[in-house]
K.L.:
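Sharing a structure with you now.
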Amino acid sequence: MPAKTDIGPPYFKDFLPKVILDNYGKWDYHEIVKPGVLMHVGESGDKLWSVRVGGARLICTDRVREYCDIADEFCDGHFRFTSRHNVEFLVADEAKLEPLIKVLTDKGYPIGGTGNGITSIVHTQGWVHCHTPATDASGPVKAVMDELIDYFTGVKTLPAQLRIALACCLNMCGAVHCSDIAILGIHRKPPKPDVNKLPKVCEVPSTISSCPTYAIKPKKLEDGTKSIEINDERCMYCGNCYTMCPAMPLADPEADGIAIWVGGKVSNARSGPKFSKLAIPFLPNNPPRWPEVVDAIKNIVELYAADARKYERVGDWIERIGWETFFDKTGIPFTDMHIDDFDGGAPPPHIAFRTTAQFRF
Amino acid sequence: MPAKTDIGPPYFKDFLPKVILDNYGKWDYHEIVKPGVLMHVGESGDKLWSVRVGGARLICTDRVREYCDIADEFCDGHFRFTSRHNVEFLVADEAKLEPLIKVLTDKGYPIGGTGNGITSIVHTQGWVHCHTPATDASGPVKAVMDELIDYFTGVKTLPAQLRIALACCLNMCGAVHCSDIAILGIHRKPPKPDVNKLPKVCEVPSTISSCPTYAIKPKKLEDGTKSIEINDERCMYCGNCYTMCPAMPLADPEADGIAIWVGGKVSNARSGPKFSKLAIPFLPNNPPRWPEVVDAIKNIVELYAADARKYERVGDWIERIGWETFFDKTGIPFTDMHIDDFDGGAPPPHIAFRTTAQFRF
Amino acid sequence: MAEESKTPLLDELEKGPWPSFVTDIKMAAKRKPETMDLLNQLELSYEEKIGHWKHGGIVGVMGYGGGVIGRYSDRPDLFPGVKDFHTLRVNMPTGWFYTTKALRTICDIWDKRGSGMTNFHGSTGDIILLGTDTDQLQPLFDDLSEAGFDLGGSGSDLRTPSACCGPARCEWACFDNLQMCYDMTMEYQMELHRPMWPYKFKFKFSGCPNDCVAAVARADMSFIGTWRDDIQVNDDEIAAYAEGGLDIQADVADNCPTKCISYDASSKKIKIDNSNCVRCMHCINVMPKALKPGKERGCTLMAGAKAPILMGARLSSVIVPFVPKEKLEPPYEWFKDFIDRLWEWWDENGKFRERFGELLDRVGMRVFLKAMDMEPIPQMIEAPRTNPFVFWWPEDVETSGKEAK
Amino acid sequence: MAEESKTPLLDELEKGPWPSFVTDIKMAAKRKPETMDLLNQLELSYEEKIGHWKHGGIVGVMGYGGGVIGRYSDRPDLFPGVKDFHTLRVNMPTGWFYTTKALRTICDIWDKRGSGMTNFHGSTGDIILLGTDTDQLQPLFDDLSEAGFDLGGSGSDLRTPSACCGPARCEWACFDNLQMCYDMTMEYQMELHRPMWPYKFKFKFSGCPNDCVAAVARADMSFIGTWRDDIQVNDDEIAAYAEGGLDIQADVADNCPTKCISYDASSKKIKIDNSNCVRCMHCINVMPKALKPGKERGCTLMAGAKAPILMGARLSSVIVPFVPKEKLEPPYEWFKDFIDRLWEWWDENGKFRERFGELLDRVGMRVFLKAMDMEPIPQMIEAPRTNPFVFWWPEDVETSGKEAK
Ligand code: SRM
Ligand code: SRM
Ligand code: SRM
Ligand code: SRM
Ligand code: SF4
Ligand code: SF4
Ligand code: SF4
Ligand code: SF4
Ligand code: SF4
Ligand code: SF4
Ligand code: SF4
Ligand code: SF4
């Protein structure tokens, strides 16, 4: 029997716990009871506690079953994940709250990620599954979170929320372009095309036109076959040609590494959404624990913690003190790489468009 | 005898009055004694009064001689012009100040242009001398200043200084791109090339390449001569092709007219320098007094006068209240013309460059 | 003597307080030995600082053009367990709420058909079932479908729409973003499963301007809940916050981006000049008991966000400042008409691999608005143009610029 | 019956309080009847709403490639008086200070050789002698030269440099911008008079960040006087301002862009956190008796401003944040070396009609800095790049990114 197609996802309301169905759209307010524990109060007076737990995202079915076991015990068989891949255990019965927290703590799950601190790092596949990465994803994330866990669990707090994201190549599946701190895998050498294989596995014209900087030129091979060559000087290692054509690999163990970006945000709170800006053009890939990356981020976070004003996101803080002061205080060297010189990357006309939901009617 | 070349301008110090030579680089402070009258006090205690007078800029030698007569009588034969083409009579002897003012007033010269008001309009040639104008320069300027003269003479004041400039075509010799209010002559129809004459008077390839939007295409005439044709849809009437080739006239009595821009500034005071932004895409040329233009500017000035806070330049004011409120309050219709859609005109990479002298060391 | 670990580098990542993916891979490998090759190949990557996956081939399930990401090891000789190791994107339940029953079902199916490794969730929001053989794809899909699950998007299609928890768990949701996200997912199953556009297209629904699904940064069509009347103020609760020690002047009023809140410390009252409120949420965020979004609710439609390839990242920008929530409910006629026309325009005019926002940049808002028969409004822009290079509609020049739309 | 005016439209512009150019043209025409054709032709333009000048031809004076703008009427039949009507640009005295003697000399020469109409001044700053015959050009130049005046720039040359009144009439001048403007004008007479570059190049010198010659908007090389130590504060005068009724908190401190001024109303004292002062001038502008720029003075060198043709206007941006004033004095070795190398780079790399700033955009600051052997510094930018499309120097990749300059 052929499978049914186009049935779509299960209806979400079938998955909601009773307290939510009862108070759907009628929540009155919330409180952060303690780090990682939210209490939402309905107009009805009903209460819902959510206990947020950090995880690896790259998890096995056993892990999921463990979550299920816990949810069965304390949450009437319901729980959820957040938009940043944390787990939230939903408790309607206050009596179960502390026991739940105890079980989670005993099992070593970090509870936190709420309020003005650091929550889980949105990230991508890296060497675990993708074909274009310039670094790993899960590894650096684990290393960074080990270091910053106190900001997750609320042992330490920050002036505002601080969102970290990682993407392992310029495709930016982690959408790091609007993060307080972004970790980005970058290539730094032009692709090394397999010019003989290329015409067999790829369309030459579309390979050529895939390059935004026109770095790929047609070139005839000795036998007359049409292939391509690369003008290295025009290449900025975006990898788009490789996405289009497998015969253009550009990964390189020594040239690849990580760039650190700062000051982006998404919410409309106070200032509008903004892009992350380049802070550190390159740090080497140093598995398994990427110490340079961990140190660099720790340095920025600690400075921010000490220097920013209440409610100031990283980008707002830097704008207030000025980028020169940021580079000065962090000790990050300023380089010509920081100065935008990508033509196409120049904010196109939409710079004039309103990219916040902030406006007057 | 052949003329001496490369002698350069006369040495400026030979033209400075004694009080200036004595206090050169040693001025202590200044006061605006009254509108149009500055008093500069030297560390020495010396005082210099400058009486600023508005003029037409397009003036005859008799007018210059009249200035000279006045300066001979009151200023020991010295006076200056300002960077905005006002005349400044320089008086070292306080006894001569009021008599000078009386003579100027009697002769009908407007005294003013200092402090938080409107000074003379920087402008260009227009139909008086240039070959590319989309409007006249001196005419609209005279009409606007007749209306706004009270803001020049200090009868009325403004929250901050308000600089108006006019340029008669997109070349923007009046550098209107950073004015509180800018009056800009615009064409709105593509050039009407004289395709037969063109190959005789211009280089075809450089005419084609003069167009930033690639609107000019090569075309062979019937006799085989290489000429050009225009893709009207791609033309945004910049006139650059006409600058390069006289056979590409684009002036048109009905299509030409004036656009009004607002919110630019130059000084670093409080906010950094900023570009003027489009307020009114088109007003017709209506000589001799351009009533639509005069009304439009008056409307903006009066609203600004009433609504802005002290020290708020036009652009700062609009940024505070929001562009939507600006369009709302002025009643200026918002159109698709206001939305930037010029690719090349998109802020190029230098948007990232620091264009203010405001920074921390 | 204990056997020496074959993954000494990755073992380092089992240390430290944060949950370790290495541990989870090892757990999975206990029951699915092939999965150990995932760790082994990764160890090689850690040694060599380079990935070992080949460019994905085209694999899939019957009737669908997307939902599966093909993946092959470039060292099948060393790591036969991950010779082919394709990913399935499973459309998550809207808002990521689950019953343990449903999850256990998925786990069972996945243990039977794949590596046992997952992402909860992928960054678009799908359940990612990470790694299975080519010949398992169809049976896997059949099992999932049987259990009531379906695939998410990949390729040049509508990607799996996602939404913040909205009215289910948040007092600020200004429209029923969960319901709409679900309904639109159902409405556009065809578009989701059969790539046919110039490139991908994403929907994300946030209930309010806090934008907890990062819609403005990551969706071609971003729904941001909002309101257009006055913020609801509860004076007593304001006073309670003040008494509780909140510095309303410094923490709330001074942080308002338009400074439209005035606070009177003696009466402990605030006054909001709502005409200047830009609905940034800050004051509401700080005093959730005292302030609430207004009653006239709906959403701001913003469009065009994307990652940087090829010309730099875009944020979504305002297209429709306010869609009342009544229009964001079944049968969604207004929205369906709108998005169908938008897609049609994009499909007709977009180049290969040109996202909607990039097309907007290339041809200009002007052309889009005309095609959509929409009015330009100042809420669409940060500021008007600074360059004088206006393209006039010839008909406007013929009549008169003043009447130009 | 009085003769009917032939310029009824323009006569309208003799009405109203502002000085009228029409009156001046009529005045000139009294002594130079041909000049009446300027008004007559303008009247035709006012009737027809279109200009009547032809594209300029190439006219000039011996030995010079610029300084004259050729102009011909397109209706010489109707307006023989302005058949050819070329403009001469005469280099003004720096700062636009004059003796009446010198001006009378110019007037006399011009009455003899031209239309009697002028612009005091052109918007670059030159004295514009507006309208003369081709055959008068050389004798006119000879007369001017004899009287000690020389031509300004036009075409692809160094344009006439200009400066605010600076130390001559302003207490805030942070370097001797008048002297430097004059000296550079003299130093580069060759470059000023003989077009030889890709396009024009402008110098403007403002004594302080108020920028009274609009250098940042209008000069390829903008000199903006500044200081790098602390603002000089006179406490007594601060108190005097306060007593005089100035609201120092609202008018001064609250308007400081970095909020680095704190005012204590009880002691009537201000404190400036100079490390956060960005030298905007506002506080000094408002309280000129109490505050002055610091003592360690000099200028910020900014470069690249221009009007919008072809790709949109540019403002100058920071190239050298601080040049101490000692380096802005004769013999100007540092600056001459700097500008010679800059021009050489532009000349070698600039395309036909590509301004310096446009070249900077096209090739990138990175390439410019390398060519000039200069260090990148954060004061050059508003903010670091947002796109990840970095061009690496291959040598930096070979060594290590960390040590990359
Ligand atoms: C659970 C979650 C939505 C979901 O459907 O999954 C959520 C839930 C809440 N968010 Fe959020 N936000 C969630 C992702 C986000 C995101 C998206 C992201 O990070 O990728 C943003 C935008 C981030 C950005 O700006 O870069 C986001 C920006 C906010 C803000 C604005 C904060 C700011 O000052 O900029 C608030 C308001 C606040 O915290 O006061 C907020 C407030 C809230 C509240 C208080 C809403 C409510 O009344 O229930 C919830 C608890 C917040 C907390 O954790 O302290 N939420 N919130 C997401 C939890 C992610 C996690 O696991 O950590
Ligand atoms: C005479 C002149 C310089 C010259 O060499 O010719 C000059 C002279 C002075 N300027 Fe200026 N400025 C002169 C053009 C400018 C320009 C250039 C322009 O308008 O094209 C600017 C930049 C305009 C802009 O930002 O768009 C300019 C921006 C300022 C500012 C900044 C004002 C602000 O709030 O943005 C000040 C400070 C102030 O006025 O408090 C200033 C202050 C001054 C002071 C007070 C300086 C002083 O201590 O002597 C002088 C008298 C100001 C007054 O008129 O009230 N001057 N000033 C120029 C007179 C032009 C005129 O005839 O009206
Ligand atoms: C799995 C996932 C990362 C993750 O670990 O979570 C992912 C993985 C890939 N993405 Fe992505 N993208 C994923 C979410 C995103 C997002 C975030 C989002 O949707 O919110 C973005 C940024 C937002 C956007 O759409 O712009 C994103 C922007 C890209 C791009 C750049 C698109 C652009 O227009 O700039 C590419 C390149 C492409 O399409 O060729 C890309 C391409 C890819 C490919 C298919 C690689 C390729 O070039 O063929 C990756 C397959 C990895 C693998 O082997 O499994 N992925 N990708 C995410 C999808 C999981 C899910 O369905 O839930
Ligand atoms: C006379 C003057 C206007 C005035 O009435 O004051 C003027 C007049 C002309 N300018 Fe200009 N420009 C004049 C100052 C400017 C300025 C302002 C400045 O220098 O501060 C600018 C803007 C700043 C800049 O340089 O970008 C300016 C930007 C242009 C441009 C556009 C250049 C660009 O890169 O965008 C052109 C077009 C061109 O060069 O082909 C231009 C071209 C012209 C031409 C030569 C027309 C042409 O295309 O050949 C005009 C001759 C008019 C005539 O018939 O007399 N003029 N021109 C100004 C020179 C007088 C003087 O020497 O003092
Ligand atoms: S960011 Fe790049 S390498 Fe990482 S998962 Fe996405 S496409 Fe693959
Ligand atoms: S990596 Fe990018 S820039 Fe380099 S050749 Fe490929 S497509 Fe072009
Ligand atoms: S702005 Fe245009 S029309 Fe006016 S003088 Fe300059 S080049 Fe001529
Ligand atoms: S006016 Fe400008 S856009 Fe139009 S054809 Fe000429 S150069 Fe091109
Ligand atoms: S976006 Fe708004 S409605 Fe949705 S969870 Fe966040 S705060 Fe609540
Ligand atoms: S929502 Fe934001 S803009 Fe509106 S009043 Fe509150 S803080 Fe101010
Ligand atoms: S720029 Fe500064 S120094 Fe020059 S006149 Fe203006 S205020 Fe004085
Ligand atoms: S000069 Fe400007 S930035 Fe510096 S203290 Fe004064 S007001 Fe503040």
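Letters A, B, ... mirror the listed sequences (proteins, then strands); counts begin at 1. Just so it is clear, the values below take in all heavy atoms, side chains as well, and ignore hydrogens, waters and symmetry mates.
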K.L.:
Checking L178(C) against chain A: side chain, backbone, both or neither under 4.5 Å from a heavy atom?
P.N.:
both

K.L.:
Among K265(A), E43(A), R309(A), Q125(A), which residue has the highest count of heavy-atom pairs closer than 4.5 Å to chain C?
P.N.:
Q125(A)

K.L.:
Test the R71(C)-F85(C) pair against the cation-pi criterion, namely NZ or CZ under 6.0 angstrom from the six-membered ring centroid and within 45° of the ring axis.
P.N.:
no

K.L.:
Considering residues at least two apart in sequence or located in another chain, which fulfil the side-chain hydrogen bond (donor to acceptor under 3.5 Å, both in side chains) criterion with K15(C)?
P.N.:
E12(C)

K.L.:
Report the option among L192(C), V286(C), L144(C), D143(C) that has the most heavy-atom pairs separated by less than 4.5 Å from atoms of chain A.
P.N.:
V286(C)

K.L.:
So for D76(A), is it side chain, backbone, both, or neither that comes closer than 4.5 Å to the heavy atoms of chain C?
P.N.:
neither

K.L.:
Which region of L13(C), side chain (C-beta onward) or backbone (N, CA, C, O), has a non-hydrogen atom less than 4.5 Å from a non-hydrogen atom of chain A, or is it both or neither?
P.N.:
both

K.L.:
Taking side chain as everything from C-beta outward and backbone as N, CA, C, O, which of these in D72(A) sits under 4.5 Å from a heavy atom of chain C? Side chain, backbone, both or neither.
P.N.:
both

K.L.:
Just say parallel, tilted or perpendicular for the rings of Y311(A) and H282(C), cut-offs at 30° and 60°.
P.N.:
perpendicular

K.L.:
How are the rings of H55(C) and H131(A) set relative to one another: parallel (under 30°), tilted (30 to 60°) or perpendicular (over 60°)?
P.N.:
perpendicular

K.L.:
Heavy-atom pairs under 4.5 Å with chain C are the metric here; pick the option from V87(A), D28(A), V19(A) that has the most.
P.N.:
D28(A)

K.L.:
Are R279(C) and T226(C) close enough, and set up right, to give a side-chain hydrogen bond (donor to acceptor under 3.5 Å, both in side chains), and what steps lead you there?
P.N.:
CA-CA 7 Å; R279(C) 291 151 288 102; T226(C) 194; 3.0 Å; yes

K.L.:
Mind ranking V128(A), L170(A), D256(A) by heavy-atom pairs under 4.5 Å with chain C and telling me who comes out on top?
P.N.:
V128(A)

K.L.:
Using ring centroids (six-membered ring only for Trp), state whether Y67(A) and Y109(A) fall under 6.0 Å.
P.N.:
yes

K.L.:
Heavy-atom pairs under 4.5 Å with chain A are the metric here; pick the option from L10(C), L38(C), T23(C), L130(C) that has the most.
P.N.:
L130(C)

K.L.:
In terms of heavy-atom proximity below 4.5 Å to chain C, should H85(A) be classed as side chain, backbone, both, or neither?
P.N.:
both

K.L.:
Any donor-acceptor pair under 3.5 Å linking the side chain of S115(C) with the backbone of K32(C)?
P.N.:
no

K.L.:
Which region of L38(A), side chain (C-beta onward) or backbone (N, CA, C, O), has a non-hydrogen atom less than 4.5 Å from a non-hydrogen atom of chain C, or is it both or neither?
P.N.:
side chain

K.L.:
Mind ranking Q179(C), H121(C), M365(C) by heavy-atom pairs under 4.5 Å with chain A and telling me who comes out on top?
P.N.:
H121(C)

K.L.:
When you check the side-chain N and O atoms of T258(C) and N276(C), is any donor under 3.5 Å from an acceptor?
P.N.:
no

K.L.:
Which atoms of I224(C) come close to chain A, meaning under 4.5 Å heavy atom to heavy atom: side chain ones, backbone ones, both, or neither?
P.N.:
side chain

K.L.:
What part of M281(C) gets closer than 4.5 Å to chain A, counting heavy atoms only: side chain, backbone, both or neither?
P.N.:
neither

K.L.:
Under 4.5 Å from any heavy atom of chain A, what part of P378(C) do you find: side chain, backbone, both or neither?
P.N.:
backbone

K.L.:
Which one wins on heavy-atom pair count under 4.5 Å against chain A: I309(C), I106(C), L9(C), N119(C)?
P.N.:
N119(C)

K.L.:
Hey, which of A143(A), A56(A), C211(A), C130(A) has the most heavy atom pairs under 4.5 Å with chain C?
P.N.:
C130(A)

K.L.:
Side chain, backbone, both or neither: which part of E312(A) has a non-hydrogen atom closer than 4.5 Å to chain C?
P.N.:
neither

K.L.:
Hey, do the aromatic rings of Y182(C) and Y11(A) have their centres closer than 6.0 Å?
P.N.:
yes

K.L.:
If I measure from the heavy atoms of chain C, does F152(A) come under 4.5 Å with its side chain, its backbone, both, or neither?
P.N.:
side chain

K.L.:
In terms of relative ring orientation, are W127(A) and Y46(C) parallel, tilted or perpendicular, with 30° and 60° separating the classes?
P.N.:
perpendicular

K.L.:
Kindly indicate, with the supporting measurements, whether the criterion disulfide bond (SG atoms under 2.5 Å apart) is fulfilled by C256(C) and C280(C).
P.N.:
CA-CA 8 Å; C256(C) 169; C280(C) 83; over 6 Å; no

K.L.:
Under 4.5 Å from any heavy atom of chain C, what part of I149(A) do you find: side chain, backbone, both or neither?
P.N.:
side chain

K.L.:
Measure Y64(C) against the heavy atoms of chain A and call it side chain, backbone, both or neither at under 4.5 Å.
P.N.:
side chain

K.L.:
L58(A) versus chain C, heavy atoms under 4.5 Å apart: side chain, backbone, both or neither?
P.N.:
both

K.L.:
Counting only heavy atoms closer than 4.5 Å, note whether K289(C) contacts chain A via side chain, backbone, both or neither.
P.N.:
both

K.L.:
Pick one of side chain, backbone, both or neither for T135(A), based on which atoms fall under 4.5 Å of a heavy atom in chain C.
P.N.:
neither

K.L.:
Checking Q379(C) against chain A: side chain, backbone, both or neither under 4.5 Å from a heavy atom?
P.N.:
both

K.L.:
Is L90(A) close to chain C through its backbone or its side chain, or both, or neither, when contacts mean heavy atoms under 4.5 Å?
P.N.:
side chain

K.L.:
Side chain, backbone, both or neither: which part of I50(C) has a heavy atom under 4.5 Å from chain A?
P.N.:
both

K.L.:
State whether a side-chain donor-acceptor pair under 3.5 Å links H78(A) with T100(C).
P.N.:
no

K.L.:
Only pairs of heavy atoms separated by less than 4.5 Å count here; which of A215(C), A214(C), C164(C), S145(C) has the most with chain A?
P.N.:
S145(C)

K.L.:
Under a 4.5 Å cutoff for heavy-atom pairs, which residue among S50(A), P133(A), G174(A), C238(A) has the most contacts with chain C?
P.N.:
S50(A)

K.L.:
Look at K26(C) together with D62(A) and state whether they make a salt bridge at an N to O cut-off of under 4.0 Å.
P.N.:
no

K.L.:
Does the pair R63(A)/D24(C) count as a salt bridge with the N-to-O cut at 4.0 Å?
P.N.:
yes

K.L.:
When you compare the side chains of N210(C) and N285(C), does any donor N or O come within less than 3.5 Å of an acceptor on the partner?
P.N.:
yes

K.L.:
Side chain from CB out, backbone as N, CA, C, O: work out which of these in S209(A) comes under 4.5 Å of a heavy atom of chain C, or both, or neither.
P.N.:
neither

K.L.:
Quick one: pull up CZ in R289(A) and NZ in K142(A) and give me the separation to the nearest 0.5 Å.
P.N.:
5.5 Å

K.L.:
Examine whether an atom of T87(C) lies under 4.5 Å from a heavy atom of chain A, and if so say whether it belongs to the side chain, the backbone or both; otherwise answer neither.
P.N.:
both

K.L.:
Taking R65(A), H123(A), M172(A), E147(A) one by one, which has the highest count of heavy-atom pairs under 4.5 Å against chain C?
P.N.:
R65(A)

K.L.:
Going by an N to O cut-off under 4.0 Å, is there a salt bridge joining R31(C) and D111(C)?
P.N.:
yes

K.L.:
Measure distances from H177(A) to the heavy atoms of chain C and classify the residue's part below 4.5 Å as side chain, backbone, both or neither.
P.N.:
side chain

K.L.:
What part of T300(C) is in contact with chain A, defined as an atom under 4.5 angstrom from a non-hydrogen atom: side chain, backbone, both or neither?
P.N.:
side chain

K.L.:
Is any side-chain N of the basic residue among E66(A) and K107(A) closer than 4.0 Å to the acidic one's carboxylate O?
P.N.:
yes

K.L.:
Which region of H52(C), side chain (C-beta onward) or backbone (N, CA, C, O), has a non-hydrogen atom less than 4.5 Å from a non-hydrogen atom of chain A, or is it both or neither?
P.N.:
neither

K.L.:
Quick check on the 6.0 Å ring-centre criterion: do Y98(C) and F81(A) meet it?
P.N.:
yes

K.L.:
For T185(C), which atoms come within 4.5 Å of any heavy atom of chain A: side chain, backbone, both, or neither?
P.N.:
side chain

K.L.:
Out of K306(C), R314(C), R353(C), which one pairs with E358(C) under the salt bridge (Lys or Arg N to Asp or Glu O under 4.0 Å) rule?
P.N.:
K306(C)

K.L.:
Counting only heavy atoms closer than 4.5 Å, note whether D11(C) contacts chain A via side chain, backbone, both or neither.
P.N.:
neither

K.L.:
With sequence neighbours excluded, what pairs up with D316(A) under the side-chain hydrogen bond (donor to acceptor under 3.5 Å, both in side chains) test?
P.N.:
S271(A), K274(A)

